[in-house]
A.B. asks: 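Below is the structure I would like to discuss, written out as structure tokens.
Residue numbers begin at 1 in each chain, while the letters A, B, ... track the order of the sequences.
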2 protein chains.
Amino acid sequence: MRKTIYDIAKELNVAPSTVSKALNNKSGISEKMRQKIQQYAKDVRYYADWNASKLKTKRSFSIGVVYSEDLDIGLEHTFFSSILQSFKSYVEAHGYEITFVISNLGNREISYLDFCLHKNIDGVFIVTSLPGDPYLKELVNSDISCVTTDIYHENLFTVISDNVDGAKQAVRYLHQMGHTKIAHVSERHFFPAARERLEGFYEAMRELNLPVQDEHIIMCEYYAFEYGYEAGQRFLALDDRPTAVFVVADIIAMGFISALKEAGLNVPDDVSVIGFDDIPFAKHYEPKLTTISQNTTKLGEKAADHLLKQMNEKTGVRSGTEKVPVELIVRDSVKKC
Amino acid sequence: MRKTIYDIAKELNVAPSTVSKALNNKSGISEKMRQKIQQYAKDVRYYADWNASKLKTKRSFSIGVVYSEDLDIGLEHTFFSSILQSFKSYVEAHGYEITFVISNLGNREISYLDFCLHKNIDGVFIVTSLPGDPYLKELVNSDISCVTTDIYHENLFTVISDNVDGAKQAVRYLHQMGHTKIAHVSERHFFPAARERLEGFYEAMRELNLPVQDEHIIMCEYYAFEYGYEAGQRFLALDDRPTAVFVVADIIAMGFISALKEAGLNVPDDVSVIGFDDIPFAKHYEPKLTTISQNTTKLGEKAADHLLKQMNEKTGVRSGTEKVPVELIVRDSVKKC
DNA sequence: TACCTATATGTTAAGGTTTGCATAAAAAGA
DNA sequence: TCTTTTTATGCAAACCTTAACATATAGGTA
């Protein structure tokens, strides 16, 4: 049977509270006694019962993770899961564990907030979420500290890649390589990343005094290879084809390129393509994809860092944004014009 | 302030225990009363305090997940994370949540078993683990129900793809397409999957009465594109080159193919290649990879199902294996000889 | 010596739930 | 109507930890 603090107290002829103090490094106890108790606890492999301790302290040292599994963005989505991985490592190093916030256990439906409240969750990281989720709104407006990534939400701190700058870097690089007629493949729904990259595209083009024709902005249905392929076909149908394309995301860029290849065009000889994200496969695609790399490790760490601060400082700063720098990764899909 | 069972009891003029019984569907209470209390609880959005309830019942309704993050197999590893996703959905539908089993919170080191014991974990899913991890052994030999996937461990039930059969399907398919000189790229460390696929390769070759030369078994360092590339180079150096290759994993197959392409060979015109896994990118690679698909959804579900059974039935059946069928996915990397 | 302070240790209630047991009420049987 | 059985409800302990408060002890000061 598992030992309790009472057992230890009895065995050491001290009071339970003394044991508790020793183990929790609280004051009001002699150093000698602390050592003795800690040593003993180690010897008998005592660990405080998690639940009893949480029940009492009202702090769970666990951080909720909202990870909506619809829309193909479950754990297998590398971008988010690698942010989560980094987030997880960071908070664990600070003594927290993570818990998935779920809206139904078995068959009883429960709102995110209720879930967190009743589990005494200390803070929440919203990794992916469906736009307009009512549970989310309720949670965000509650007293529980929250941060998110890659999306914006009123009253919620966001850690996000510097998409505008990334897009500008991409365009500038294409320009540097001699391209002046540049197209952009964007995404129809305008998730924040897409919107910002489009914005950055326009800005950079303006700064470089390059004209942008409406038909050179190609709208893609969603983040998927197939839609990129479709966009490629539409690109091929253009009368006056640009020599370079900045594509909103690597996965779309790959589909895009595959359409060009199929039509007998060579990338980068005929058309230069630059992507965004630097997904793990970008370096293995043919041609190896030149792209703007998002730093998922940093995204996760910054999110974790900000959340922990927010939780501990109880500062009222709920909204705001931290932009994480992105980096141009030069590979083989862009060529001098 | 959050409502407790006492508040509700007072408001409804009943005893706390009555409320508890009503909410937990325990017997010894009239149906009318149960309805009334449940309705009221719903109205005031009452949920039992997780910790208090766990403390008392000694059942946490949470399942530990051992997910070793070293060796590049953290959450961003799609194969394991998609198994985990499927596992998670399944157990959540059955009223369980998942918790990562970690060996250090903050700075205090804790063994897996201690962690589980002190959190009252009901069962554990070992997703990835380092071979020879002492904590693992201790956990597996404890009273806590465990299952794993993709590896074997004494005293531990495993859910794993039918690798032998998959390899045989692969070889048979190559043979069917007219190939008789077939090579195999394996992996040096002989993780179970690699070992079984090698075994299946030999078996199928024997059954088909095809000779296998020693130098046609190419050992690759590890599961990575780069090592596949290296293997490809070694293949190129072969005097008497086979016309077809069965590669132990898609990611290696892709690196392998890229080496061939670089040397001016065409896949599948010059050499046919079949992979294993069906990673998400297989269908986008060039050529689209013919491969043996592992059913990650099923792997996760079966693991979950077995674990829940083991937990509830308290059956002594700890070891054993469930093989999940794999499927040949015909794409473009294999051609008639 | 008497008293005070600081520090070390002990006592006990609280945290919210569940559960075995006791009791009360209702239903059934005589 | 009275006893017996069944059913519904309440009481109180238990789960284990923490923390506020109380007490004891040692050392120092007047």
A.B. asks: If the condition is salt bridge (Lys or Arg N to Asp or Glu O under 4.0 Å), which residues does D133(B) pass it with, not counting sequence neighbours?
C.D. replies: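 For D133(B), no residue satisfies salt bridge (Lys or Arg N to Asp or Glu O under 4.0 Å) once neighbours in sequence are set aside.
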A.B. asks: Taking only residues two or more places apart in sequence or in another chain, which ones pass salt bridge (Lys or Arg N to Asp or Glu O under 4.0 Å) with K302(A)?
C.D. replies: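 For K302(A) the salt bridge (Lys or Arg N to Asp or Glu O under 4.0 Å) partners, ignoring immediate neighbours, are E322(A).
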A.B. asks: Rounded to whole angstroms, how far apart are NZ on K54(B) and P on dT17(C)?
C.D. replies: 14 Å
A.B. asks: Whole angstrom is fine here: how far is it from CD1 in I5(B) over to P in dG10(D)?
C.D. replies: 13 Å
A.B. asks: Counting only side-chain N and O atoms of K58(B), is one of them less than 4.0 Å from OP1 or OP2 of dC15(D)?
C.D. replies: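 K58(B) to dC15(D) OP1/OP2: no side-chain N or O under 4.0 Å.
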A.B. asks: Pull out every residue in residues 30-49 of chain B that has a heavy atom closer than 4.0 Å to any atom of DNA chain D, ordered by number, or say none.
C.D. replies: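 Heavy-atom cutoff 4.0 Å gives S30(B), M33(B).
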A.B. asks: To the side chain of A15(B), which of dT17(D), dG10(D), dT17(C) is closest?
C.D. replies: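 That would be dG10(D).
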A.B. asks: In whole angstroms, how far is the C1' atom of dT9(D) from the CD1 atom of I29(B)?
C.D. replies: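 In whole Å, dT9(D) C1' and I29(B) CD1 are 8 Å from each other.
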A.B. asks: With sequence neighbours left out, what residues match E154(A) under salt bridge (Lys or Arg N to Asp or Glu O under 4.0 Å)?
C.D. replies: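 Checked E154(A) against salt bridge (Lys or Arg N to Asp or Glu O under 4.0 Å); zero matches.
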A.B. asks: Is there a donor on the side chain of K56(A) or the base of dT17(D) sitting less than 3.5 Å from an acceptor on the other?
C.D. replies: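 Under the 3.5 Å cut-off, the side chain and the base do not form any donor-acceptor pair.
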A.B. asks: Using a heavy-atom cut-off of 4.0 Å across all strands, would you classify N13(B) as base, sugar-phosphate, or nothing?
C.D. replies: sugar-phosphate
A.B. asks: Taking atom C1' of dT18(D) as reference, at what distance in whole Å does atom CG of N51(A) sit?
C.D. replies: 15 Å
A.B. asks: Using atom CH2 of W50(B) as one end and atom P of dT18(C) as the other, report the distance to the nearest whole Å.
C.D. replies: 12 Å
A.B. asks: Mind calculating the distance between CD1 (I8(A)) and P (dT18(D)) to the nearest angstrom?
C.D. replies: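 Those two atoms, CD1 and P, are 11 Å apart.
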A.B. asks: Check the phosphate of dG10(C) against T18(A), side-chain N and O only, distance under 4.0 Å to OP1 or OP2. Yes or no?
C.D. replies: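 So the side-chain polar atoms of T18(A) do come within 4.0 Å of the phosphate oxygens OP1 or OP2 of dG10(C), strictly under.
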A.B. asks: Give the B/S/- string for nucleotides 20-25 of chain D, one per nucleotide from 5' to 3', where a protein heavy atom under 4.0 Å of the base yields B, of only the sugar-phosphate yields S, and otherwise -.
C.D. replies: ------
A.B. asks: Any side-chain N or O of N24(A) less than 4.0 Å from the OP1 or OP2 oxygen of dT18(D)?
C.D. replies: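 For dT18(D), OP1/OP2 do have a side-chain N/O of N24(A) under 4.0 Å.
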A.B. asks: Once salt bridge (Lys or Arg N to Asp or Glu O under 4.0 Å) is applied, do any residues pair with D162(B), and if so which ones, sequence neighbours excluded?
C.D. replies: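 Not a single residue meets the salt bridge (Lys or Arg N to Asp or Glu O under 4.0 Å) criterion with D162(B).
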